[in-house]
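Working notes, structure below.
In what follows, every chain begins at residue 1, and chains take the letters A, B, ... in the order their sequences are listed.
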Amino acid sequence: MSQYQAVKGTRDIFPEEAAQWKHVEEVVHTLASLYGFSEVRTPVFEYTELFQRGIGATTDIVGKEMFTFLPDPGGRSLTLRPEMTAGVMRAALQRNLLSQAPVHKLYYISELFRKERPQAGRQRQFSQFGAELLGVSSPAAVAEVLTFMMQVFETLGLSGLRLRINTLGDLEDRARYREALRSYFQPYEGELDESSKERLEKNPLRILDSKNPALRDMIAGAPRLFDFVKAEGVREFEAVLRFLADRGIDYDVDHLLVRGLDYYCHTAFEVQSTALGAQDAIGGGGRYDGLAKELGGGKEMPAVGFAVGMERLLIAMEKQGLFATLNPHGPLVYVVVQQSELADHGMQVAFKLRRSGISTEIDLAARSMKAQMREANRIRSGYALFVGQSELESGQYALKNLVTSEQTTLELQAIIEILREPSIREGLKA
RNA sequence: GUGAUUGUAGCUCAGUUGGUUAGAGCGCCAGGUUGUGGCCCUGGAGGUCGGGGGUUCGAGUCCCCUCAUUCACCCCA
């Protein structure tokens, strides 16, 4: 084993797996343009304060999971982005996007960093694709974003998904609810577990998230956030649900769903996959109308977004056998050179084929013909083209179909004509 | 951060109560005559048994430390 290994919580992706990533990324790009979302790319690191203000200083992400560093002594603290929304919002505010047009629909596929203990579906460097719709957060906008996300899953063929959705009300609703929750749990304080006790102080809403079965009954009896949401908020939430129903998107309203990031308000949602282990949240999102103001944007900017964990998506797809048909084919032609003196001529032939748009491979290690043929077979080349003394003299090359074993002898130009036929690949499926 | 788990060739794994030059399958490489693969046959390369320390006449096998993996808690995508 080598002296160096990949850093804890990071991993290498080799060609076979890279093909799976590419497949998923292509679907995301295609559907994004179908839905009118444009790609944004923002820097991998930002000033630390951006995340402290945006995500919330008391959240776990900011509190203990960020990779933070000082670029130089006395400089401003920087942090590797642990999520995308804050950075995208910062970019939008900096560019004053909304003065160019009232609505912006952005999407991304990006790497994020969180200093957590690695686990299945949880790494320290991971990727998300997601969308941010800026300028409106109406029920229609929420539905737009959700529909895009769900169609990606559908197009990829993913099953066993559950969409949970809830409304968190506005800041005021939640403030009142927080107090109600506190006074509900206060008498039980002795029965709460350590982390829940801490949450009682900092963020009582998160007690509702607890997986601790001992607390289940206590949580079930707690007041519901939904009952604190003002009539207008309820009406909007119902409108969102109607949009989903109209599109045939199944959902479960879950009044216990609260999200861990401070900026969410009103509609919040999460998608779970039954194909995953403990880390079963494959995507999530919601409205974050207050984020712009929090970041010093002056006024509120209505916004909705979601993020989907790429690694988790890939794991779920793999478990469901959705990559089985993903068979990358080899080159169309493998140029087999008889002897090393002909290597230059072989390269010349390969070059011509490639210039003609024909994917071509050739041995670069001066190996025996047998080895070259094995190689051609191993990488599933469609044809072998022989370059030998007789070819050099006659200008007629032997072309062998490696599937049917048929072999013909033709001039190079004729071979190029044949191989350029788009249907040539189909004939190899035998 | 807490708990448990695993760590032997490129990959998947065997290695009995500690005992001679550490094994298999797959993969890789080379041959099986003279310019041709896939099957088959033969041969070969490749491991300081995660790292460090200790116990012992002797450790891949026991003990300690360390690093990493995996799973769960936690958190989230």
Side-chain angles (χ1 to χ4, degrees), chain A residues 1-11 14 16 55 59-65 82-85 109-130 149 193-196 198-199 203 206 209-213 257-261 264 269-273 276-285 305-316 330 334-339 342 365 367-392 397-407:
Chain A
M1 195 180 290
S2 140
Q3 183 177 167
Y4 295 106
Q5 40 191 302
V7 173
K8 181 205 265 286
T10 69
R11 50 191 239 96
F14 286 100
E16 194 183 347
I55 302 172
T59 60
D60 281 18
I61 293 179
V62 171
K64 47 192 183 192
E65 295 174 3
E83 58 102 53
M84 282 298 286
T85 303
I109 303 178
S110 306
E111 279 72 53
L112 292 320
F113 307 85
R114 257 124 94 160
K115 198 165 61 196
E116 298 183 275
R117 195 80 170 266
Q119 196 183 324
R122 187 170 79 186
Q123 294 164 229
R124 291 185 161 194
Q125 176 180 334
F126 63 103
S127 304
Q128 291 183 344
F129 85 86
M149 178 179 79
D193 53 46
E194 277 313 303
S195 62
S196 292
E198 207 181 306
R199 290 179 192 153
N203 193 351
R206 295 244 307 281
D209 259 345
S210 179
K211 283 185 197 165
N212 188 343
L257 176 73
V258 288
R259 311 235 68 227
L261 286 65
Y264 288 115
F269 52 87
E270 193 167 303
V271 180
Q272 293 172 312
S273 164
L276 299 174
Q279 307 304 318
D280 63 350
I282 206 168
F306 72 83
V308 169
M310 293 287 283
E311 286 78 4
R312 292 181 188 182
L313 185 59
L314 277 277
I315 292 170
Y334 196 103
V335 174
V336 177
V337 178
Q338 187 195 348
Q339 40 192 303
L342 296 168
R367 294 187 291 177
S368 70
M369 282 190 77
K370 180 169 186 160
Q372 293 178 60
M373 286 301 285
R374 278 191 180 145
E375 173 78 357
N377 208 54
R378 197 172 60 79
I379 65 178
R380 282 184 296 188
S381 177
Y383 291 83
L385 191 152
F386 296 92
V387 173
Q389 200 55 45
S390 62
E391 279 82 1
L392 193 59
Y397 293 82
L399 181 70
K400 180 171 187 173
N401 181 319
L402 291 178
V403 176
T404 63
S405 293
E406 288 169 306
Q407 186 165 328

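- Using a 4.0 Å heavy-atom distance criterion, A/Q279 is classed as a base contact.
- In this entry the distance linking CE of A/M149 with P of B/rA77 reads 12 Å, nearest Å.
- Listed here is the closest heavy atom pair of A/Q128 and A/G309: CG-CA, 4.4 Å.
- Base engagement by A/Q407 is indicated by at least one non-hydrogen atom pair under 4.0 Å involving a base atom.
- Taking the P atoms as reference points, B/rG50 lies 43 Å from B/rU33, given to the whole Å.
- Distance CD (A/Q372) to C1' (B/rG38): 16 Å, rounded to an integer number of Å.
- Nucleic acid contact class of A/G121 (heavy atoms, under 4.0 Å, all strands): base.
- Using a 4.5 Å cut-off on side-chain heavy atoms (C-beta onward), A/R206 and A/D60 make contact.
- Here the closest heavy-atom approach between residue A/F386 and residue A/M369 is recorded as CD2-CE, 3.6 Å.
- Within the nucleic acid shown, A/Q272 has no heavy atom closer than 4.0 Å to any nucleic acid atom.
- Applying the Watson-Crick and G-U wobble criteria (two distances, each under 3.5 Å), B/rA24 pairs with B/rU12.
- B/rG23 sits 15 Å from B/rU61 when the C1' atoms are compared, rounded to a whole Å.
- Taking the P atom of each, B/rC39 and B/rG27 are spaced 8 Å apart, rounded to whole Å.
- Atom-to-atom, CG of A/D60 to C1' of B/rU2 comes out at 14 Å; the value is rounded to the nearest Å.
- Across all strands, A/R122 comes closer than 4.0 Å to base atoms (heavy-atom distances).
- Comparing B/rU36, B/rC76, B/rG38 against the side chain of A/S405 picks out B/rG38 as the nearest.
- Contact annotation: A/R206 does not reach the phosphate of B/rC74 (side-chain N/O to OP1 or OP2, under 4.0 Å).
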- Message: Would A/M373 and A/L402 count as a side chain to side chain contact (heavy atoms under 4.5 Å, CB included) here? Give the steps.
- Response: CA-CA 9 Å; A/M373 286 301 285; A/L402 291 178; 3.8 Å; yes
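- Contact annotation for A/A384: no contact, since no heavy-atom pair falls under 4.0 Å across all strands.
- Between A/L313 and A/I282, the shortest heavy-atom contact is CA-CD1, 3.7 Å.
- Here the P atom of nucleotide B/rU2 and the NZ atom of A/K115 are 14 Å apart, to the nearest Å.
- Looking at heavy-atom distances under 4.0 Å, A/L402 makes contact with a base.
- One donor-acceptor pair, N or O on each side, does fall under 3.5 Å between the base of B/rA77 and the side chain of A/R114.
- Here the side chains of A/R124 and A/V7 are not in contact, with every heavy-atom distance at 4.5 Å or above.
- Contact annotation for A/F126: base contact, defined as any heavy-atom pair under 4.0 Å involving a base atom.
- As rounded to the nearest Å, B/rG3 and B/rC67 have P atoms that lie 14 Å from one another.
- Atom C1' of nucleotide B/rG27 and atom CD of A/E375 are separated by 13 Å, given to the nearest angstrom.
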Pairs under 3.5 Å (N/O, protein and nucleotides 65-69 of chain B):
{"from": "B/rU69", "atom 1": "OP1", "to": "A/G9", "atom 2": "N", "distance (Å)": "3.4"}

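- Going from the P atom of B/rU69 to that of B/rC11 covers 15 Å, rounded to whole Å.
- Using atom C1' as the reference point in both B/rU55 and B/rG15, the two lie 22 Å apart (nearest Å).
- Proximity note for A/R374 (side chain, C-beta onward) versus B/rG37, B/rC76, B/rA72: the nearest is B/rG37.
- The CD atom of A/E116 sits 13 Å away from the P atom of B/rC73 (whole-angstrom rounding).
- Below the 3.5 angstrom threshold, one finds a donor paired with an acceptor across the side chain of A/K370 and the base of B/rG32.
- Exactly one of A/T59, A/V62, A/I55 qualifies for a side chain to side chain contact (heavy atoms under 4.5 Å, CB included) with A/P82. That residue is A/I55.
- Nearest to the side chain of A/A307, among B/rG32, B/rC73, B/rA77, sits B/rA77.
- Computed from coordinates, the A/M369 CE to B/rG32 P distance equals 14 Å when rounded to whole Å.
- Comparing the C1' positions of B/rC76 and B/rA9 gives a spacing of 39 Å, expressed to the nearest Å.
- In the set B/rC28, B/rC71, B/rC73, B/rC71 carries the atom at the smallest distance from any side-chain atom of A/A120.
- Side-chain contact between A/E375 and A/R367 is present, with at least one heavy-atom pair separated by less than 4.5 Å.
- Within the nucleic acid shown, A/K64 has no heavy atom closer than 4.0 Å to any nucleic acid atom.
- As rounded to whole Å, 13 Å separates atom C1' of B/rA77 from atom CG of A/L314.
- For B/rC29, the OP1/OP2 oxygens have a side-chain nitrogen or oxygen of A/R367 closer than 4.0 Å.
- Spacing between B/rC63 and B/rU6 at atom P, rounded to whole Å, works out to 12 Å.
- With a 4.5 Å cut-off on side-chain heavy atoms, A/F306 and A/V271 do not count as touching.
- Side-chain N/O atoms of A/Q119 include one lying less than 4.0 angstrom from OP1 or OP2 on B/rA72.
- Judged by distance alone, the side chain of A/S127 and the main-chain N or O of A/M310 form no donor-acceptor pair under 3.5 Å.
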